[in-house]
> 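Pasting in a structure now, in structure tokens, and then I'll have a few things to ask.
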Number of protein chains: 2
Amino acid sequence: MENKREIFHVLTRRLGLLDKNCCAVGNFEISIVQSHILYEIDKHFEPSMQQIAEILAIDITTFSRQIQTLVKMDLVKKTPSTIDKRVSILSLTVQGKFVATNIDHSMNAYLDEVFSHLNEFERETVLRSLQLLNEAMSKSSVCCKPLY
Amino acid sequence: MENKREIFHVLTRRLGLLDKNCCAVGNFEISIVQSHILYEIDKHFEPSMQQIAEILAIDITTFSRQIQTLVKMDLVKKTPSTIDKRVSILSLTVQGKFVATNIDHSMNAYLDEVFSHLNEFERETVLRSLQLLNEAMSKSSVCCKPLY
DNA sequence: TCTAATAGTTGCAGTATGCAAGTAAAAATA
DNA sequence: TATTTTTACTTGCATACTGCAACTATTAGA
């Protein structure tokens with residue numbers, strides 16, 4: 001059998017590059033991490049800072065500063081929770097939603113292009129396999145903290 | 001069909017975390033990027049700086065400094081090429097080779113653990129699929145520069 | 001009521017990043 | 001051969017990312 005690490009090394013590198021392609025929307029140039037933050041805020045209902053930071057396994061202090069930047073860029077809004085005054089609820093601004101949606105579309109377009117190099121059967125097999133892999137990783141003790 | 005981006009987003013994040021686990025060998029604490037550099041130097045025959053930087057899609061100036069650090073740590077050796085005096089040939093020191101081998105083993109062990117959550121058939125399907133995906137990405141125009 | 005725990009922020013110091021501009025050597029051109 | 005261009009790599013600089021320690025404010029627990 002092939003060397004697993006070789007395969008994963010290449011895969012990881014390439015996914016990183018694919019990710020990089022996708023963070024310029026109009027005038028906005030955001031970082032990969034920031035695009036992941038927008039993505040997760042969009043996906044969850046009234047998430048707190050802790051929640052998103054934990055999902056993305058970003059240190060809360062780093063995360064706090066990233067959010068400050070995104071707020072300044074008018075992509076994210078921070079609303080104090082009425083239930084617990086310590087908590088800040090995160091949401092996307094109209095502009096933030098626009099950027100997130102745009103990134104989502106272009107990422108899916110990129111992925112479609114990648115998948116166009118496979119036939120229909122391979123496409124389904126690969127997607128199904130990635131889901132299996134994701135599940136296996138979520139069960140793993142060594143990898144990977146985010147508790148989706 | 002499931003949302004591709006969702007799957008890839010989770011996958012990318014998890015692979016990143018998996019990668020993070022793996023960079024402490026004895027007293028050495030190296031970064032993910034540095035482990036990738038060691039990996040590629042080990043894999044190629046008498047590679048130049050340009051070559052490795054290009055494979056990893058790291059800016060040459062950043063790469064130059066990373067190499068300086070790794071040389072200081074006595075993990076990498078830089079030898080001027082006799083054929084072209086502009087070129088520096090990279091190689092691993094004994095210690096560098098030791099560290100690279102160690103990382104390789106622990107990464108493979110981590111991957112084995114992840115794969116232990118799959119059955120034999122799934123394991124083979126997933127590995128084969130990842131290879132297909134890697135090939136598709138290498139053919140893609142939008143992703144991903146490294147020209148393995 | 002007093003103490004402990006939690007959510008988030010800030011200071012700081014170290015590291016990573018990439019553009020612009022540099023050096024030195026090789027290749028191309030005249 | 002002499003001159004220009006290109007290539008391989010390095011350094012200066014300015015910016016961004018990172019995480020630990022220490023802080024404030026609030027809530028939960030004893």
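In what follows, every chain begins at residue 1, and chains take the letters A, B, ... in the order their sequences are listed.
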> Is there a donor-acceptor pair closer than 3.5 Å between any side-chain N or O of B:S64 and the backbone N or O of B:I60?
no
> When you measure from the side chain of B:T62 to the backbone N and O of B:I58, does any donor-acceptor pair fall under 3.5 Å?
no
> Please determine if a side-chain N or O atom of A:T62 lies less than 4.0 Å away from the OP1 or OP2 oxygen of D:dG19.
yes
> May I have the distance from B:D59 (atom CG) to D:dG12 (atom P), rounded to whole angstrom?
17 Å
> Given atom CD1 of A:I60 and atom C1' of D:dA22, what is their separation to the nearest angstrom?
16 Å
> Treating B:H9 as the side-chain partner and B:R5 as the backbone partner, does any N or O pair qualify as donor plus acceptor under 3.5 Å?
no
> Looking only at side-chain N and O atoms, does A:Q66 come under 4.0 Å of OP1 or OP2 in D:dA16?
no
> If I compare all heavy atoms of A:Q95 with all of A:D74, which pair ends up nearest, and what's the gap?
CB-O, 3.6 Å
> Send over the distance from A:E29 CD to C:dT17 P, rounded to a whole Å.
16 Å
> Does B:T125 use its side chain to pair, donor to acceptor, with the backbone of B:F121 at less than 3.5 Å?
yes
> Would you classify B:T69 as touching base, sugar-phosphate or nothing, given that sugar-phosphate means primed atoms plus P, OP1 and OP2, and contacts are heavy atoms under 4.0 Å?
nothing
> Measure CD1/A:I89 against P/C:dA7 and give the value in whole Å, please.
12 Å
> Check whether any side-chain nitrogen or oxygen of B:Q34 sits under 4.0 Å from OP1 or OP2 of C:dT15, and answer yes or no.
no
> Can you check the B:F63 CZ to D:dA8 P distance for me, whole Å?
13 Å
> Counting just side-chain N and O atoms, does A:K78 come under 4.0 Å of either OP1 or OP2 of C:dA7?
no
> Between the protein and nucleotides 24-29 of chain D, which nitrogen or oxygen pairs come in under 3.5 angstrom?
residue : atom : partner : partner atom : Å
D:dT26  : O2   : A:R86   : NH1          : 3.4
D:dT27  : OP1  : A:K85   : N            : 3.0

> Any side-chain to backbone donor/acceptor pair from A:E6 onto A:N3? Under 3.5 Å, distance only.
no
> Just the rounded figure in Å: distance from C1' of D:dG19 to CG of A:L56.
17 Å
> Out of curiosity, B:L130 CG to A:L11 CG, how far, rounded to the nearest 0.5 Å?
5.5 Å
> Is there a donor-acceptor contact under 3.5 Å from the side chain of A:S88 to the main chain of A:K78?
no
> Just how far, in rounded Å, is C1' of D:dA8 from CD of B:Q68?
14 Å
> Anything under 3.5 Å between a protein N or O and an N or O of nucleotides 11-13 of chain C, put it in a table, one pair a line.
residue : atom : partner : partner atom : Å
C:dG11  : O6   : A:R65   : NH2          : 2.8
C:dC12  : N4   : A:R65   : NH1          : 3.4

> Which of the following nucleotides, D:dT18, C:dT10, D:dT10, is nearest to the side chain of A:V33?
D:dT18
> Using 0.5 Å steps for rounding, measure from the CZ atom of A:R86 to the OG atom of A:S81.
10.0 Å
> Using whole Å, report how far CD1 of B:I58 lies from P of C:dG18.
9 Å
